[in-house]
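Read through the structure below, which is laid out as structure tokens, and then see the notes.
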Amino acid sequence: MDRGKQVRLTSSEIAQLWAQYMNDSGSICILTYFVEKAEDEDIKPIIEHALELSKRHIEKLTHLFKEEKFAIPHGFNIKDDVDLSAPRLFSDNYALNFVHQMSMIGLTIYSASLSASARADITDYYMECISETMQLYKKSKEVLLSKGLYIRSPYLPNLERPEFVKKQGFVWDIIGEKRPLVASEITNLFANILRNALGAATLAGFCQVAQDKEVKQFFIRGIEIAKKHIKLFGKKFEDSYLSVPTTWATEITNSTAYTFSDKLMMFYTSALIGLSIGYYGTGIAQSPRVDIGVMYSRLMVEVQLYSEDGANIMIKNKWLEQPPIASDRDELAKANLNN
């Protein structure tokens with residue numbers, strides 16, 4: 001990134017850059033392992049491409065932090081957080097779907113980062129990230145389609161003419177028979193089913209190789225939460241006579257050997273939890289039916305409590321790296337008084 005004459009980074013820019021460093025350093029560990037185990041000649045290049053993007057991001061971010069005299073996050077590394085000699089834990093199909101889902105999440109995050117950027121070089125950087133991730137999304141989707149693994153959302157009948165809502169029951173029909181789901185409600189429920197299905201499969205694999213008993217129990221609880229949410233979302237689909245997407249449970253091997261560090265797996269789980277809260281919030285905003293909004297609100301509370309327990313485990317084990325934080329002026333004033 002060509003800085004030229006630059007002003008200091010803002011808190012918004014620092015937050016996004018720091019979080020991206022953490023995410024990409026973790027991704028390098030997971031994707032390197034996936035590349036080591038990949039056998040499918042169509043899927044392996046997609047994983048390698050995703051890995052190369054993460055490596056380039058880390059190089060650019062490291063250079064930027066050094067120029068700004070900003071501490072480089074500890075993050076994750078191959079030596080401490082993954083055993084590349086461990087047996088296969090996930091199938092190539094899972095790895096491909098993982099990359100595809102992460103590319104979709106990346107597009108959302110990079111767009112938010114772009115909108116929060118003031119400096120020209122940071123803006124250009126995130127525009128580049130978006131362009132790269134769009135290509136990764138396209139390539140991963142093409143391979144999923146070619147292998148019959150891409151799961152399409154339900155089809156709707158063609159709209160023959162514009163219509164206007166005639167009854168308040170379109171929104172407020174809380175008790176009794178509900179109207180069919182509208183397209184935006186279907187879109188969010190469908191996406192949240194897929195994300196929870198991927199999450200349940202991921203946690204099932206993590207649970208098999210976790211070392212700490214408390215961490216294993218945390219992953220088991222997460223699997224049950226994900227299954228519960230899939231069931232609730234699926235019920236909304238079934239009530240509107242829509243097919244429910246399949247899960248990825250069969251894409252996990254029986255390996256129980258150490259593969260990823262508990263620290264890395266807890267980090268990724270916490271990141272997925274945070275994303276799910278945001279996506280559920282979007283579901284509320286885009287669902288006219290009140291019962292769906294109420295459902296999302298209730299599930300968000302459950303996920304937030306789960307997230308808090310995860311944070312406590314990470315703090316207890318000194319795994320939670322503190323993000324950039326504002327100065328504590330009160331503490332500085334007290335320290336000055338004691339001098």
Side-chain angles (χ1 to χ4, degrees), residues 20 23-60 76-79 81-110 128-153 190-191 193-209 245-261 264-265 268 271-272:
Q20 187 190 2
N23 290 330
D24 274 312
S25 67
S27 293
I28 288 172
C29 297
I30 293 177
L31 293 172
T32 302
Y33 172 78
F34 284 164
V35 169
E36 285 289 321
K37 305 305 169 186
E39 298 174 350
D40 190 298
E41 294 182 357
D42 297 320
I43 294 176
K44 188 172 183 177
I46 300 297
I47 306 173
E48 290 174 332
H49 180 54
L51 175 59
E52 181 58 32
L53 290 182
S54 288
K55 287 181 176 179
R56 291 213 305 256
H57 293 165
I58 289 296
E59 290 176 2
K60 292 179 180 179
F76 304 92
N77 60 77
I78 299 293
K79 179 182 176 182
D81 297 299
V82 60
D83 182 358
L84 299 180
S85 66
R88 173 190 288 270
L89 181 60
F90 297 105
S91 72
D92 287 353
N93 289 344
Y94 167 91
L96 174 61
N97 189 63
F98 176 89
V99 169
H100 182 66
Q101 286 286 342
M102 291 305 108
S103 70
M104 290 192 288
I105 292 171
L107 287 172
T108 301
I109 293 175
Y110 292 146
E128 180 183 347
C129 287
I130 291 172
S131 177
E132 293 171 341
T133 307
M134 285 173 62
Q135 290 302 312
L136 179 62
Y137 166 79
K138 180 181 178 182
K139 290 179 180 178
S140 60
K141 183 177 68 173
E142 287 173 349
V143 177
L144 284 168
L145 285 167
S146 70
K147 292 183 173 296
L149 298 173
Y150 187 83
I151 304 174
R152 299 176 185 268
S153 61
F190 176 80
I193 289 174
L194 292 185
R195 282 189 284 264
N196 273 282
L198 181 68
T202 302
L203 291 183
F206 284 177
C207 183
Q208 289 178 194
V209 300
T246 56
T247 65
W248 293 85
T250 58
E251 304 299 331
I252 311 162
T253 72
N254 293 326
S255 175
T256 57
Y258 171 84
T259 305
F260 305 114
S261 69
L264 176 60
M265 294 188 291
Y268 256 91
L272 291 174

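- Closest approach of V209 to A257, counting heavy atoms only: CG1-O, 3.1 Å.
- A donor-acceptor contact under 3.5 angstrom links the side chains of H57 and E132, judged on distance only.
- A donor-acceptor pair is defined here as one N or O able to donate and one able to accept, closer than 3.5 Å; no such pair exists between the side chain of N97 and the backbone of N93.
- For the pair K147/I43, a side-chain contact is recorded, criterion being any heavy-atom separation below 4.5 Å from C-beta on.
- Not counting sequence neighbours, the partners of D83 by the side-chain contact (heavy atoms from CB on, under 4.5 Å) test are S85, A86, Y258.
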Trace of the side-chain contact (heavy atoms from CB on, under 4.5 Å) decision for E142 with Y150: CA-CA 9 Å; E142 287 173 349; Y150 187 83; over 6 Å; no
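- Note that the NZ atom of K44 and the CD atom of E48 stand 5.5 Å from one another [nearest 0.5 Å].
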I would like to know whether Y268 and F260 meet side-chain contact (heavy atoms from CB on, under 4.5 Å); could you show each step before the answer? CA-CA 11 Å; Y268 256 91; F260 305 114; over 6 Å; no
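- In this structure, the ring of F90 has its center no less than 6.0 angstrom from the ring center of F98.
- In this structure a side-chain-to-backbone donor-acceptor pair under 3.5 Å is present from S140 to Y137.
- With sequence neighbours excluded, the residues that form a side-chain contact (heavy atoms from CB on, under 4.5 Å) with T253 are R88, L89, S255.
- We find that K37 and D92 are not joined by a salt bridge, their nearest charged nitrogen and carboxylate oxygen being 4.0 Å or further apart.
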Do D42 and S146 pass the side-chain contact (heavy atoms from CB on, under 4.5 Å) test, and can you show the C-alpha distance, the side-chain angles, and the key distance before you say yes or no? CA-CA 10 Å; D42 297 320; S146 70; 5.7 Å; no
Between V143 and L96, does the side-chain contact (heavy atoms from CB on, under 4.5 Å) criterion hold? Intermediate values first, please. CA-CA 8 Å; V143 177; L96 174 61; 3.6 Å; yes
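- Contact check for Y94 versus L198: side-chain heavy atoms found under the 4.5 Å cut-off.
- Partners of I78 according to the side-chain contact (heavy atoms from CB on, under 4.5 Å) rule, which considers only residues two or more places apart in sequence or in another chain, are I28, C29, T32, V82, L84.
- Inter-residue side-chain proximity for I151 and L194 is flagged as met; some heavy-atom pair is nearer than 4.5 Å.
- In terms of modelled atom types and a separation under 3.5 Å, the side chain of S131 and the main chain of E128 share no donor-acceptor contact.
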